[in-house]
There are 4 protein chains.
Amino acid sequence: MRTVNAERHAEKRAEILEAAGRCFLRNGFHRASISAICAEAGISPGHLYHYFDSKEAIITALVEDRLDNAARRYQLLINVDDIVPTLLAELERYLREEHSSGFTLKKMMLSDILGEASRNPAIAALFTSFCNKRYRYAADLLRKGQASGQIDPSLDPDATAELLISTADAAETWSIRNPDHEFDKNFAVFRTMLERLLTPPARHAAG
Amino acid sequence: MRTVNAERHAEKRAEILEAAGRCFLRNGFHRASISAICAEAGISPGHLYHYFDSKEAIITALVEDRLDNAARRYQLLINVDDIVPTLLAELERYLREEHSSGFTLKKMMLSDILGEASRNPAIAALFTSFCNKRYRYAADLLRKGQASGQIDPSLDPDATAELLISTADAAETWSIRNPDHEFDKNFAVFRTMLERLLTPPARHAAG
Amino acid sequence: MRTVNAERHAEKRAEILEAAGRCFLRNGFHRASISAICAEAGISPGHLYHYFDSKEAIITALVEDRLDNAARRYQLLINVDDIVPTLLAELERYLREEHSSGFTLKKMMLSDILGEASRNPAIAALFTSFCNKRYRYAADLLRKGQASGQIDPSLDPDATAELLISTADAAETWSIRNPDHEFDKNFAVFRTMLERLLTPPARHAAG
Amino acid sequence: MRTVNAERHAEKRAEILEAAGRCFLRNGFHRASISAICAEAGISPGHLYHYFDSKEAIITALVEDRLDNAARRYQLLINVDDIVPTLLAELERYLREEHSSGFTLKKMMLSDILGEASRNPAIAALFTSFCNKRYRYAADLLRKGQASGQIDPSLDPDATAELLISTADAAETWSIRNPDHEFDKNFAVFRTMLERLLTPPARHAAG
DNA sequence: CATGAATGAGCCTTCATTCAT
DNA sequence: TATGAATGAAGGCTCATTCAT
């Protein structure tokens, strides 16, 4: 009995969050109104407050959710042999998916979350924590690669991780910057850039 | 008389725009109120409408102003001999300035402008035009560098330009992502990355 | 079975009424919410409506309950020999109790009931009926006292009753008017005032 | 220029306060809505906030206004020869006026202010300050009377003042308690009570 | 050029009440 | 008997904008 209700509650909550996400995507965090979110979720304005304490709470919950989901993808490829190729393949897969799906929820969120993080401490905390997770993951991967000789040992793994992540995130803005951009050509240079950066000089010179 | 008035008008307009910029920085485009902007600018709400038709118009004018200013800096280094070092020096100077000044107007604006561009066609147009200017400028520079043998001729200049610009913009978000980040270490890797990308393979192997 | 249920029903109803009383004390009739009352009573909002038709009904029932309780105390001392001393002793006991218990339910209610009575006919009816009961009781007592020579026969018993009751009620507001008031000193004058009013002039002059 | 605007502003503010007073009289502090007050004042909801920061502020300002007005009446009779008769005459005039005007603003306010003072610190402060002013005034008068032999010297002036004021205030509730009460008869006993309390015993015995 | 009074739609939120379970 | 999901009107308040002065 209890569990059914709790489950239903969580389900409904998730539904509202999805609806809110669509509204935020269309209008931004602060121009999306509670009543629009309710309409999108098919509930009454009053009822929303059984699930969330405030609009703030919705924003925070949604950002947390999106960020957690995104962070989870990074945990997947921890044990691989060919680090650089795998990383690039994974990045390509991810960016291509984002690119082909037009204005994705995720994409839009990143810009807006960055803006919001400048002013909203709760969002700032979520975002820095999200970045830290990814930084640590990437740095670990780089260290492993350096240990196995696949990655230039002279690179500072932490700084390189920060650079890699921010650069990859920036790739999500290509289409906003230039609606006619050619993804394949851009990604080709992106790939070259990372290969030349990460590959140990010896190999590089050899290759 | 006319011209004096016109000058005064332009000055006042610029003042208001500055005031609006400070408000938008603090609260974002949609949470900054007209009355707050008026208070910041020291004018009355009614009077503001002698200078701008609407809040929308203020946002658009401000974004245009910021973007024009930013684009203008790129025109400066068009004729240089050592392209890569000059470019990197210029980038370092710029990013270091942004970094040391905390939450700059410019920095904040980039995140918010990106978010706004997703939804506001006027802002989107300004932003893509801004990026295009920078893209064209960077691509020209790259072509020049390729002609003079300073830059890897196998790189597609347009795609490389897009990559370079978006990557450089991303560097402005380092501090939001990790408040404790070490700029110098990050920039060192950033510099290495661009050097390895742009330098012709021959030289690179040699160097 | 029926009676058991009826008893249970009455008990639960009384419990809810007590909970409502605590909420009204804290927040007033119109700022105390049904859900707060439910939380205080440990029941669900839906269930509350098995016991009361509306919030109005709760207010009315509570006021009726409080007023009935208060009126009942007056029935006790109907047959006494020394009317004035007994009355004063009883009054002192009552006021001292109210005073020492801080913001009592009863105290708060009187102010709020008076305010509510100005606008809510149902409450007005309850309150005038309550006052009438006390008036009649006091007037009877006074008449008895006049018959036995203990009370000034020149006083109009009905008017005196009204004056006595309203004056005694006013004593409950002393602490709201002056949080630092000294109850003993105030009550001493209060006692003097009533003794001088009620005692027959002959005795008074003699005493 | 300035002064005209400032005057107009004050006038409009006072008008709104009057309108709010009428609404509060009809519905109480917490059931009177801002939009009802605006309708009563003939202004738009938004405009009200040019004059008051919040509904709270309106309540506080109104209570302060009413209380200040009421307190001011007490300053009038500071130098009189026949203290007790003058006091009683003044009280009679005041109560009769209140009584004859039905549900006066002032009357209603007293009950509601008392209720509000139990929970709202701002109102509590205003009310205790109001009572203190009256207490001090009455106590001064009593001391003067004791010095000139017109008032029983054995009475504690402060405690007597508190008793007098609260008892007089209670007289304003006579009509709520008993809509059919006969003011003249009640006031006659009220007068007798105060005369017997205040007159020095010697005189009293003599009279 | 400059003011600030005035508007009214819309915002987020609360609340008494109902109803399916 | 008991729950709590669900409603929708209303609440206090903000805001971009207009207009008389």
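Below, read A as the first sequence line, B as the second, and so on, with proteins coming before strands; counting in each chain starts at 1. Just so it is clear, the values below take in all heavy atoms, side chains as well, and ignore hydrogens, waters and symmetry mates.
Residues meeting the side chain to side chain contact (heavy atoms under 4.5 Å, CB included) test with B/Ser54, sequence neighbours left out: B/Glu56, B/Ala57. Scanning for side-chain hydrogen bond (donor to acceptor under 3.5 Å, both in side chains) contacts around C/Arg31 gives D/His30, with sequence neighbours left out. Contacts of C/Ala125 classified as side chain to side chain contact (heavy atoms under 4.5 Å, CB included), with partners at least two apart in sequence or in another chain: none. Scanning for salt bridge (Lys or Arg N to Asp or Glu O under 4.0 Å) contacts around D/Asp68 gives D/Lys133, with sequence neighbours left out. Residues satisfying the side chain to side chain contact (heavy atoms under 4.5 Å, CB included) criterion with B/Ala32, sequence neighbours excluded, are B/Cys23, B/Phe24, B/Asn27. Not counting sequence neighbours, A/Glu64 has no partner by the salt bridge (Lys or Arg N to Asp or Glu O under 4.0 Å) test.
Between B/Ser44 and the phosphate of E/dG4, there is no side-chain N or O to OP1/OP2 separation shorter than 4.0 Å. Neither OP1 nor OP2 of E/dA5 sits under 4.0 Å from any side-chain N or O of D/Tyr51.
Of the charged side-chain nitrogens involved, at least one lies within less than 4.0 Å of a carboxylate oxygen, so that A/Asp112 and B/Arg119 count as a salt-bridged pair.
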Pairing pattern in dot-bracket form [Watson-Crick, G-U; both distances under 3.5 Å; | = partner strand] for DNA chain E:
.||||||||||||||||||||
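Look at NZ on D/Lys12: it is 14 Å from C1' on E/dG4, rounded to the nearest Å. Protein atom CD1 of D/Ile16 is 11 Å distant from nucleotide atom P of E/dA5, rounded to whole Å. One atom, CD1 of A/Ile43, and another, P of F/dG4, lie 18 Å apart when rounded to the nearest Å. Rounded to a whole Å, the CG atom of B/Leu48 is 14 Å from the P atom of E/dG4. Rounded to an integer number of Å, the gap from CG of C/Asn27 to P of E/dT14 is 14 Å. The distance between atom NE2 of D/His9 and atom P of E/dG4, rounded to the nearest whole Å, is 11 Å. Taking atom CZ of residue D/Arg8 and atom C1' of nucleotide E/dG4, one finds them 13 Å apart after rounding to whole Å.
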Exercise answer: donor-acceptor pairs, residues 37-53 of chain C side-chain atoms, under 3.5 Å, sequence neighbours excluded:
residue	atom	partner	partner atom	Å
C/Glu40	OE1	C/Arg26	NH2	2.8
C/Glu40	OE2	C/Arg22	NE	2.7
C/Ser44	OG	C/His47	N	3.4

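The main-chain N or O of B/Ser33 is never found under 3.5 Å from a side-chain atom of B/Lys55 such that the two would form a donor-acceptor pair.
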Contact state string [nucleotides 14-21 of chain F, B base, S sugar-phosphate only, - no protein heavy atom under 4.0 Å]:
BBSBBB--
